[in-house]
**Q** 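This is the structure I want to talk about, given as structure tokens.
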Amino acid sequence: WVGTKDGLVLFEGADDGGWREAHRALRGQHISSIIFERTSGVMFAGAFLGSVHASGDGGKTWERRDNGITVHDVYSLASNVVDGKVRVYAGTEPAHLFYSEDLGQHWTELPALRSVPSTPTWSFPVPPHVAHTKFITFDPRDSSTIYACIEQGALLKSSDSGKTWAELNTVGFFRDKDRPAEHFYDVHKALIDPRDSKKIFVTGGAGFYVTSDGGSRWERWTSPDWAEDVYPDGCVLNPRNPDVMFVAAAEHNPTTWHKSAYAGGRIYQSNS
């Protein structure tokens, strides 16, 4: 499944080794995110200015499920099992976070997300200059621990299923510079090592950051292949070998893209 500016597209492998389009859905919707809730088999799609949609038949038919969601510009979706119940989460612009315990039929906001000290400074360079909840993930060993990436704003952590939140990008020291940390406020994605939940990788506008102690101290990692203003976004670990990581990045900061008409998208692999 691929999310596009004009809905969802299902591609299947073709006999010639390529891909063929098998199905389209949600035409007219600009799709921001897609998740599969494994327990129920329900598929969810979030849409920019189009809220949340769900399919219980593998994507053949869809219905809008957003009762209780008060912000319909959806940027991110995630799901987890908390205390034996399936929870689906939706992050929006402006940056809010909602959850559902009945597969999207009803939603409740987690308002404490917006109670951290940095909230008044959250913004985004592109009009309308409003920050969004770009990514949501969970501690693989503790289902009540949630991480939310605010672009641009903060890396947030909740240890009580979203009742309270703390900022992780406002404390500590960069080991490579041995000085008080500059806030890496443009946070794209957080990735947690499944073997050690205190080791967190973060991509953002300021580069690629790693903590080994749960966020008290951070180190900016780089590579000989990366420019100083490299712009990493997506990152994944190989589930069979978590020492292998893939990072998707633009060669330079977005301020250069309009001048050069080139973002220089790359996928990088690290084996250590």
Side-chain angles (χ1 to χ4, degrees), residues 1-3 10-14 17-19 31-39 43-44 75-81 89 91 133-143 145-151 155-157 168-169 172 174-177 181 184 186-254 263-272:
W1 286 96
V2 178
L10 174 63
F11 290 99
E12 295 180 347
W19 296 90
I31 303 301
S32 62
S33 46
I34 311 165
I35 62 168
F36 298 86
E37 201 294 295
R38 296 184 179 183
T39 303
M43 180 178 176
F44 291 89
Y75 265 70
S76 54
L77 293 171
S79 66
N80 202 12
V81 177
Y89 296 82
T133 307
K134 181 164 182 171
F135 188 75
I136 309 157
T137 192
F138 313 95
D139 186 322
R141 299 184 180 184
D142 180 4
S143 61
T145 297
I146 313 169
Y147 295 85
C149 300
I150 309 298
E151 186 185 34
L155 171 63
L156 303 179
K157 176 184 179 181
L168 293 187
N169 58 315
F174 293 150
R175 296 193 187 106
D176 57 345
K177 296 181 179 178
F184 53 98
D186 185 6
V187 185
H188 294 168
K189 185 171 182 179
L191 187 63
I192 304 168
D193 191 320
R195 301 161 299 184
D196 180 4
S197 57
K198 290 185 177 181
K199 189 171 187 178
I200 306 169
F201 307 90
V202 173
T203 61
F208 185 85
Y209 291 90
V210 183
T211 178
S212 297
D213 59 10
S216 295
R217 294 171 62 90
W218 292 89
E219 182 179 357
R220 187 176 188 267
W221 282 6
T222 186
S223 165
D225 301 328
W226 293 359
E228 180 63 25
D229 63 339
V230 67
Y231 194 76
D233 193 347
C235 59
V236 294
L237 293 172
N238 183 330
R240 296 182 180 179
N241 181 7
D243 286 328
V244 177
M245 176 184 288
F246 298 90
V247 174
E251 287 185 332
H252 298 284
N253 188 277
R266 297 284 189 273
I267 296 176
Y268 299 94
Q269 177 180 340
S270 172
N271 295 320
S272 58

**Q** Taking C-beta and beyond as the side chain, do T203 and Y209 meet within less than 4.5 Å on heavy atoms?
**A** no

**Q** Measuring from atom OG of S212 to atom CD of E219, what distance do you get when rounded to the nearest 0.5 angstrom?
**A** 7.5 Å

**Q** T211 versus K199: any side-chain heavy-atom pair under 4.5 Å?
**A** no

**Q** Could you pull out the closest heavy-atom pair between L155 and C149, with the gap in Å?
**A**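 Answer, listing the atom of L155 first, then C149: CD1-SG, 4.1 Å.
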
**Q** Do D243 and R195 come within less than 4.5 Å of each other through their side chains, counting heavy atoms only?
**A**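 Yes, close enough: below the 4.5 Å cut-off.
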
**Q** I'd like to know if E228 pairs up with R220 as an ion pair, taking the criterion as any Lys NZ or Arg NE/NH1/NH2 lying under 4.0 Å from an Asp or Glu carboxylate oxygen.
**A** yes

**Q** Between N238 and P242 (side chain of the first, backbone of the second, donor and acceptor by atom type, cut-off under 3.5 Å), is there such a pair?
**A** no

**Q** Measure the spacing between CG of N80 and OG of S143 and express it to the nearest 0.5 Å.
**A** 5.5 Å

**Q** Could you check E251 against V230 for side-chain contact (heavy atoms from CB on, under 4.5 Å), going step by step and ending with a plain yes or no?
**A** CA-CA 5 Å; E251 287 185 332; V230 67; over 6 Å; no

**Q** Let's go through V247 and I267 carefully: what are the C-alpha distance in whole Å and the side-chain angles of both, what is the deciding distance for side-chain contact (heavy atoms from CB on, under 4.5 Å) to 0.1 Å, and is it a yes or a no?
**A** CA-CA 6 Å; V247 174; I267 296 176; over 6 Å; no

**Q** For P232, does its backbone N or O pair with a side-chain atom of H188 as donor and acceptor, under 3.5 Å?
**A**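 The answer is yes, because a donor-acceptor pair under 3.5 Å joins these two groups.
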
**Q** Could you tell me which non-hydrogen atom of D233 sits nearest to which non-hydrogen atom of K189, and how far apart they are?
**A** O-CB, 3.8 Å

**Q** Can you give me the closest heavy-atom contact between L237 and I192, atom names plus distance?
**A** CD1-O, 4.2 Å

**Q** List the steps and the verdict of side-chain contact (heavy atoms from CB on, under 4.5 Å) for Y75 and I136.
**A** CA-CA 10 Å; Y75 265 70; I136 309 157; over 6 Å; no

**Q** Provide the closest heavy-atom pair for H252 versus A227 in the form atom of the first, atom of the second, distance.
**A**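 For H252 versus A227, the nearest heavy atoms are CE1-CB, 3.5 Å.
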
**Q** Please give me the minimum heavy-atom distance between A250 and A263, naming the atom from each residue.
**A**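 Looks like CB-O, 3.3 Å.
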
**Q** Going from CE on M245 to CZ on F201, what distance comes out if it is rounded to the nearest 0.5 angstrom?
**A** 4.0 Å

**Q** Considering non-hydrogen atoms only, spot the tightest contact between L77 and I35 and give its length.
**A** O-CG2, 3.6 Å

**Q** Can you check whether W1 and F11 have ring centres sitting under 6.0 Å from each other?
**A**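 That pair fails the under 6.0 Å test.
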
**Q** Going through the distances and angles, do T133 and I150 end up as a side-chain contact (heavy atoms from CB on, under 4.5 Å)?
**A** CA-CA 5 Å; T133 307; I150 309 298; 3.7 Å; yes

**Q** Return yes if some donor-acceptor pair links the side-chain N/O of R266 with the main-chain N/O of D225 below 3.5 Å, else return no.
**A**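 Checking the backbone N and O of D225 against the side chain of R266, no donor-acceptor pair under 3.5 Å is found.
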
**Q** Could you grab the distance from atom CD1 of I200 to atom CG of L168, nearest 0.5 Å is fine?
**A**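 Nearest 0.5 Å value for the CD1-CG distance: 6.0 Å.
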
**Q** To the nearest 0.5 angstrom, please state how far the CH2 atom of W226 sits from the CZ atom of F208.
**A**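 One finds 6.0 Å between CH2 of W226 and CZ of F208.
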
**Q** Side-chain contact test, heavy atoms from C-beta onward, threshold under 4.5 Å: evaluate it for S79 versus E37 and give yes or no.
**A**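 Yes, close enough: below the 4.5 Å cut-off.
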
**Q** Measuring centre to centre across the rings, with the benzene-like ring taken for any Trp, is F138 within less than 6.0 Å of Y89?
**A** yes

**Q** Sequence neighbours excluded, which residues qualify as side chain to side chain donor-acceptor pair (under 3.5 Å) partners of S197?
**A**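 By the side chain to side chain donor-acceptor pair (under 3.5 Å) rule, S197 matches D139.
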
